[in-house]
Chemist: 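Quick one: the structure is below, questions incoming.
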Amino acid sequence: MTDPGATPPADRANPPAAANFVRDLVRADNERGTFGGRVQTRFPPEPNGYLHIGHAKAIHVDFGIAEEFGGICNLRFDDTNPDTEDTEYVDAIVEDLAWIGYPVERALYASDYFEQIYQWAELLVTKGLAYVDDQDSETISAQRGGYGKPGVESPYRSRTIEENLDLFRRMRAGEFPDGARVLRARIDMQHENMQLRDPVMYRIRRGHHHRTHDAWVIYPTYDWAHGQSDAIEGVTHSLCSLEFDSHRPLYDWYLEQLPLPFDQPRQIEFARLELSHTVTSKRKLAKLVADGIVDGWDDPRLPTIRALRRRGYPSKAIKDFCTFIGVQKTNSRHQIELLESFVRDELNRTAQRRMAVLRPLKLVITNWPAGAVEHVTIQNNPENPDDGTREVAFGGELWIERDDFMVEAPPKYFRLTPGREVRLRGAYFVTCTGFTADADGTVTEVQCTYDPDTRGGNAPDGRKVKSTMHWVSADHALDATVALYERLFRAEVPGEVTGEPFDDLEPNSREILDHCKVEAALGKAAPGQVVQFERIGYFAHDPRTPRLFHRTVGLRDEWANIQKRG
RNA sequence: UGGGGUGUGGUGUAAUUGGCAACACAGCAGAUUCUGGUUCUGUUAUUCAGGGUUCAAGUCCUUGCACCCCAACCA
């Protein structure tokens, strides 16, 4: 009998969904019949930046809730600020969303509703619930008061409905310069919630809008557009991030004044995803790109979706991670190790194995028949026999990993050292008979003998070796470039100490290895394909540059742990 | 300073809503292994603090404390 309250052991291939208070609220609404059993959500990015891992969580919540209840989730661009938005971002967001697993047939735009939103604003004016204010933004801001300090009313607050309507229409007609006037809701300048102290609904701004172009010179603010767009579309549950919770009374207030075509939507806030050792704010990401700290928006060190894709993160792993961490109301930062564990998990099942030597050291088999070449058969993925086998060329001169040989082997070092026998994966047992070093003491070549009876990697007499090593035939190796990545920021919380995240940048977040030796099969790696370099890690073939591999994530490395412990 | 939100191992998330505090990551120990990978077993460690109600409190009451958000014509 297990404890019914306990979390069941995880099936990492199909991680259990964490409890989800949003789901509970939606279910309760359904049982109560609040929206006639309908569930509709939306994913509302502003097209002014690229999607990142934090958006992935929002996407899985927004689309996931809709899916779960048989409802729909629309992609709707929150494009109410012409100054910062661009079709470049629209296209990128659509593309990234499809990769995450939600291809959209037709994107929606808040800008499609500008006319309706404007008409509703006129309605508020007509009801005496909105007025035109001629003051500048500094004055309005100063009059707003402060925490615990009531605001003061604008001298324009008591204009007549007729005057307000006239001025508002002339704002739309373009009679006033940018910033000259705003439309404000008339709510309560003493309200304890600052959001309700007569918020701005419209501002005059002659930016060129990416879709409506120059049709408008006034643009609605977020608060006076978001709930309205939700209502027009028939959204039932408007899921957003925590910082909007103080906006919820305003969201509701606006909607309560309007004749809605559907039931009034409900806003529910949940915590954004933060990850250790990285940043997700648009401003900081843009600065990393602009300052040339990374090479572009798809630099594999970035947490953007396109960077993770290029780096080889499977979208399935991102989805499983999002499902696993669930939805909460607490601000928290997940360790990037957890995401990586989902990446390894998925790639362990799906990535074919190959041999690649990153820091080559020549190994010569002194008793190998001169010029002979053999082909050994190696499984593509021991975790998935369906992936079959491949033939790998083997000869008397090989490349092995520099780390796999030591002149003086410390305790617990199982790899090659003079006098020791090891297995070369899928091929033969070899015993180290000597080595050559240059004047500095750097080893330049290792000599071994092989045991012809161990072909395939097994000794007929049943003797064991402590280590199996990867290798590449020198005559058949291909040259490749491998990019190794460390965390972009060495601190878990960049900027936690100094307040400036860039103080915590890892200066060596990328190491490029040029003359790596890889097995011939990697010459046929597809663009974007992710493989496991045996004993090293998972590597993604670059989508554009052949023979360039990005380290997705390393394998767990017990030997590294032993060395770290000393 | 007023309002709102949130506090569970090192980290993150659960707990049949008052009934043995669990799952994962990380760590440690061991087994298996033709990857020091994978897999398997074991193990370390948790309810912000004080008070109260109760047979029983992570959960209810109370008093504190800490952290986050809110005074853009950004979203």
Side-chain angles (χ1 to χ4, degrees), chain A residues 2-10 12 15-16 18-19 44-46 48 78 80-81 83-84 133 136-137 140-151 178-179 181-184 191-195 197 199-205 218-219 221-223 225-226 240-249 269 271 276 282 324-326 328-335 337-342 344-345 348-349 353 355 378-379 382-383 412-415 423-427 456-458 465-470 492 532-537 554-562 565:
Chain A
T2 54
D3 176 3
T7 312
R12 299 300 299 290
E46 184 184 15
N48 70 347
D78 233 338
T80 57
N81 184 354
D83 294 349
T84 58
D133 195 328
D136 61 27
S137 61
I140 290 175
S141 173
Q143 286 171 354
R144 188 119 46 206
Y147 305 138
K149 196 166 61 208
D178 284 10
R181 289 183 161 88
V182 291
L183 184 75
R184 298 177 71 182
H191 201 104
E192 62 198 11
N193 181 345
M194 303 289 294
Q195 301 299 330
R197 320 248 260 228
V200 170
M201 297 170 65
Y202 270 96
R203 68 277 209 191
I204 305 173
R205 189 167 293 194
I218 58 171
Y219 289 91
T221 54
Y222 165 84
D223 288 299
H226 197 91
C240 64
S241 47
L242 238 37
E243 69 266 27
F244 289 104
D245 81 330
S246 62
H247 294 238
R248 185 170 2 108
E269 311 85 24
S276 67
K282 279 177 190 168
F324 185 81
I325 62 175
Q328 35 323 106
K329 266 177 116 72
T330 45
N331 283 310
S332 56
R333 188 174 295 260
H334 288 263
Q335 292 178 330
E337 290 88 338
L338 183 62
L339 209 209
E340 289 173 341
S341 79
F342 278 94
R344 284 199 192 93
D345 226 66
N348 180 48
R349 277 192 292 276
R353 302 299 107 141
M355 292 195 287
I378 298 184
Q379 271 199 299
E383 300 294 314
K412 294 189 181 165
Y413 184 84
F414 303 147
R415 282 111 96 145
R423 170 164 42 229
L424 294 177
R425 173 114 230 224
N458 285 304
V465 289
K466 292 274 272 207
S467 181
T468 299
M469 293 172 16
H470 63 282
E492 278 208 11
Q532 183 195 99
F533 289 173
E534 288 219 33
R535 302 208 301 136
I536 302 176
L555 257 26
R556 280 188 57 211
D557 189 346
E558 181 63 21
W559 172 236
N561 277 352
I562 291 169
R565 286 200 295 272

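Protein chains get the first letters and strands the later ones, always in sequence-line order, with residue 1 at the start of each.
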Chemist: Below 4.0 angstrom from OP1 or OP2 of B/U38, is there any side-chain N or O of A/R556?
Modeler: yes

Chemist: Please tell me which of the listed nucleotides, B/G2, B/G10, B/G12, lies nearest to the side chain of A/M194?
Modeler: B/G2

Chemist: Show, in sequence, the C-alpha distance, side-chain angles and deciding distance for A/N81 and A/R203, and conclude whether the side chain to side chain contact (heavy atoms under 4.5 Å, CB included) test is met.
Modeler: CA-CA 10 Å; A/N81 184 354; A/R203 68 277 209 191; 3.9 Å; yes

Chemist: So which nucleotide from B/G36, B/G27, B/G7 ends up closest to the side chain of A/T468?
Modeler: B/G36

Chemist: Which base, if any, makes a Watson-Crick or G-U wobble pair with B/C74, both distances under 3.5 Å?
Modeler: none

Chemist: If we take the C1' atom in both B/A24 and B/G18, what is their distance in whole Å?
Modeler: 27 Å

Chemist: Which nucleotide, in any strand shown, forms a Watson-Crick or G-U wobble pair with B/C20, with both distances under 3.5 Å?
Modeler: none

Chemist: Once you round it to whole Å, what is the distance between C1' of B/A72 and CD of A/E243?
Modeler: 14 Å

Chemist: Any side-chain heavy-atom pair from A/R415 and A/W559 closer than 4.5 angstrom?
Modeler: yes

Chemist: Please tell me which of the listed nucleotides, B/U11, B/G37, B/G2, lies nearest to the side chain of A/N348?
Modeler: B/G37

Chemist: Applying a 4.0 Å non-hydrogen cut-off, can you work out what A/N458 is touching in the nucleic acid: base, sugar-phosphate, or nothing?
Modeler: base

Chemist: Could you check B/U62 for me: syn (within 90° of 0) or anti?
Modeler: anti

Chemist: I'd like to check A/I218 versus A/L183 (side-chain heavy atoms, cut-off strictly below 4.5 Å). Are they in contact?
Modeler: no

Chemist: Which nucleotide in the list B/G36, B/G27, B/U35 gets nearest to the side chain of A/R353?
Modeler: B/U35

Chemist: Have a look at A/N561 and say if it touches a base, only the backbone sugar-phosphate, or nothing, with a 4.0 Å heavy-atom cut-off.
Modeler: sugar-phosphate

Chemist: Between A/R184 (CZ) and B/A71 (C1'), how many Å, whole number?
Modeler: 12 Å

Chemist: When rounded to the nearest 0.5 angstrom, what distance separates CD in A/Q532 from CG in A/L555?
Modeler: 4.5 Å

Chemist: Taking A/S246's backbone N and O only, do any of them form a donor-acceptor pair with A/N193's side chain (distance below 3.5 Å, no angle check)?
Modeler: yes

Chemist: Identify whether the distance between the nearest side-chain nitrogen and carboxylate oxygen of A/R333 and A/E492 falls below 4.0 Å.
Modeler: no

Chemist: Please measure how far the C1' atom in B/C65 lies from the corresponding atom in B/A29, and state the result in whole Å.
Modeler: 40 Å

Chemist: When we call it a touch if two heavy atoms are under 4.0 Å apart, what does A/R425 touch: a base, just sugar-phosphate, or nothing?
Modeler: base

Chemist: Nearest whole Å is fine: how far is B/C73 P from A/Q195 CD?
Modeler: 10 Å

Chemist: When you match A/H247 and A/E192 each to their closest nucleotide on RNA chain B, which lands nearer the 5' end?
Modeler: A/E192

Chemist: May I ask you to verify if any side-chain N or O of A/R423 is less than 4.0 angstrom from the OP1 or OP2 atom of B/U35?
Modeler: no

Chemist: Between A/E383 and A/R349, is a side chain to side chain contact (heavy atoms under 4.5 Å, CB included) present by the stated rule, with each step listed?
Modeler: CA-CA 6 Å; A/E383 300 294 314; A/R349 277 192 292 276; 5.7 Å; no

Chemist: Which base, if any, makes a Watson-Crick or G-U wobble pair with B/G30, both distances under 3.5 Å?
Modeler: B/C40

Chemist: With a non-hydrogen cut-off below 4.0 angstrom, is A/E46 in contact with a base, only sugar-phosphate, or nothing?
Modeler: sugar-phosphate

Chemist: Could you state the atom-to-atom distance from CZ of A/F324 to P of B/U13 in whole Å?
Modeler: 11 Å

Chemist: 5'-most contact on RNA chain B: A/G426 or A/P45, nearest heavy atom basis?
Modeler: A/G426

Chemist: A/R565 side chain: which of B/C73, B/C74, B/C28 is closest?
Modeler: B/C28

Chemist: Sort out the partner of B/U35 for me: Watson-Crick or G-U wobble, both distances under 3.5 Å, none otherwise.
Modeler: none

Chemist: Roughly how far apart, to the nearest Å, are B/C23 and B/U43 at atom P?
Modeler: 11 Å

Chemist: Is the ring centre of A/Y222 under 5.5 Å from the base ring centre of B/A75, and are the two planes under 30° apart, so that they stack?
Modeler: no

Chemist: Say we look at B/G7 and B/U47: how far apart would their C1' atoms be, to the nearest angstrom?
Modeler: 10 Å

Chemist: Considering only side-chain heavy atoms of A/S137, which listed nucleotide, B/C73, B/G36, B/G27, is closest?
Modeler: B/C73

Chemist: What is the pairing partner of B/U8, taking Watson-Crick or G-U wobble pairs with both distances under 3.5 Å in any strand?
Modeler: none

Chemist: Should A/S141 be listed as having a side-chain N or O under 4.0 Å from OP1 or OP2 of B/A71?
Modeler: no

Chemist: Tell me the interatomic distance from A/Q328, atom CD, to B/U11, atom P, rounded to whole angstroms.
Modeler: 15 Å

Chemist: Counting only side-chain heavy atoms from C-beta out, which of B/G37, B/C73, B/U6 sits nearest to A/K329?
Modeler: B/U6

Chemist: For A/Y219, answer base if it contacts any base atom (sugar-phosphate contacts may also be present), sugar-phosphate if it contacts only those atoms, and nothing otherwise; contact means non-hydrogen atoms under 4.0 Å.
Modeler: nothing

Chemist: Using the P atom as the point on both nucleotides, what is the distance between B/A26 and B/C40, in whole Å?
Modeler: 13 Å

Chemist: Please report the distance, rounded to the nearest Å, between CD in A/E558 and P in B/U32.
Modeler: 15 Å

Chemist: How many whole angstroms separate atom CG of A/D223 from atom P of B/C73?
Modeler: 10 Å

Chemist: Can you tell me if the side-chain N/O atoms of A/R415 get under 4.0 Å from OP1 or OP2 in B/U35?
Modeler: no

Chemist: Which of these nucleotides, B/G12, B/C73, B/A75, is closest to any side-chain atom of A/N81?
Modeler: B/A75

Chemist: Could you work out the separation of B/A21 and B/G64 based on their P atoms and round it to a whole Å?
Modeler: 31 Å

Chemist: Taking the six-membered ring for Trp, does A/Y147 stack with B/C70 (centroid gap under 5.5 Å, planes within less than 30°)?
Modeler: yes

Chemist: May I ask you to say what A/E492 touches in the nucleic acid, namely base, sugar-phosphate or nothing, with a heavy-atom cut-off under 4.0 Å?
Modeler: nothing

Chemist: Expressed in whole Å, how much space separates the C1' atoms belonging to B/G50 and B/G9?
Modeler: 22 Å

Chemist: Using a 4.0 Å heavy-atom cut-off, does A/T80 contact any base of the nucleic acid, only the sugar-phosphate backbone, or nothing at all?
Modeler: sugar-phosphate

Chemist: What nucleic acid atoms does A/N193 come within less than 4.0 Å of, heavy atoms only: base, sugar-phosphate, or nothing?
Modeler: nothing

Chemist: Answer with base, sugar-phosphate or nothing: what part of the nucleic acid does A/F533 contact at a heavy-atom distance below 4.0 Å?
Modeler: nothing

Chemist: Please tell me which of the listed nucleotides, B/U11, B/U13, B/C70, lies nearest to the side chain of A/S246?
Modeler: B/C70

Chemist: May I ask you to evaluate whether A/T84 reaches the phosphate of B/A75, defined as a side-chain N or O under 4.0 Å from OP1 or OP2?
Modeler: no

Chemist: For A/S241 and A/E243, what are the C-alpha separation, side-chain angles and deciding distance, and is it a side chain to side chain donor-acceptor pair (under 3.5 Å)?
Modeler: CA-CA 6 Å; A/S241 47; A/E243 69 266 27; 3.2 Å; yes

Chemist: When syn is taken as a glycosidic angle within 90 degrees of 0, is B/A72 syn or anti?
Modeler: syn

Chemist: Considering only side-chain heavy atoms of A/L338, which listed nucleotide, B/C25, B/G5, B/G37, is closest?
Modeler: B/C25

Chemist: With rounding to whole Å, what would you report as the distance between B/G58 and B/A15 at their P atoms?
Modeler: 15 Å

Chemist: Under 4.0 Å between any heavy atoms, over every strand shown, what does A/P44 touch: base, sugar-phosphate, or nothing? Just pick one.
Modeler: nothing

Chemist: Considering just the side-chain nitrogens and oxygens of A/R333, establish if one lies under 4.0 Å of OP1 or OP2 belonging to B/C68.
Modeler: no

Chemist: Output yes when at least one side-chain N/O atom of A/R535 is less than 4.0 Å from OP1 or OP2 of B/G36, else no.
Modeler: yes

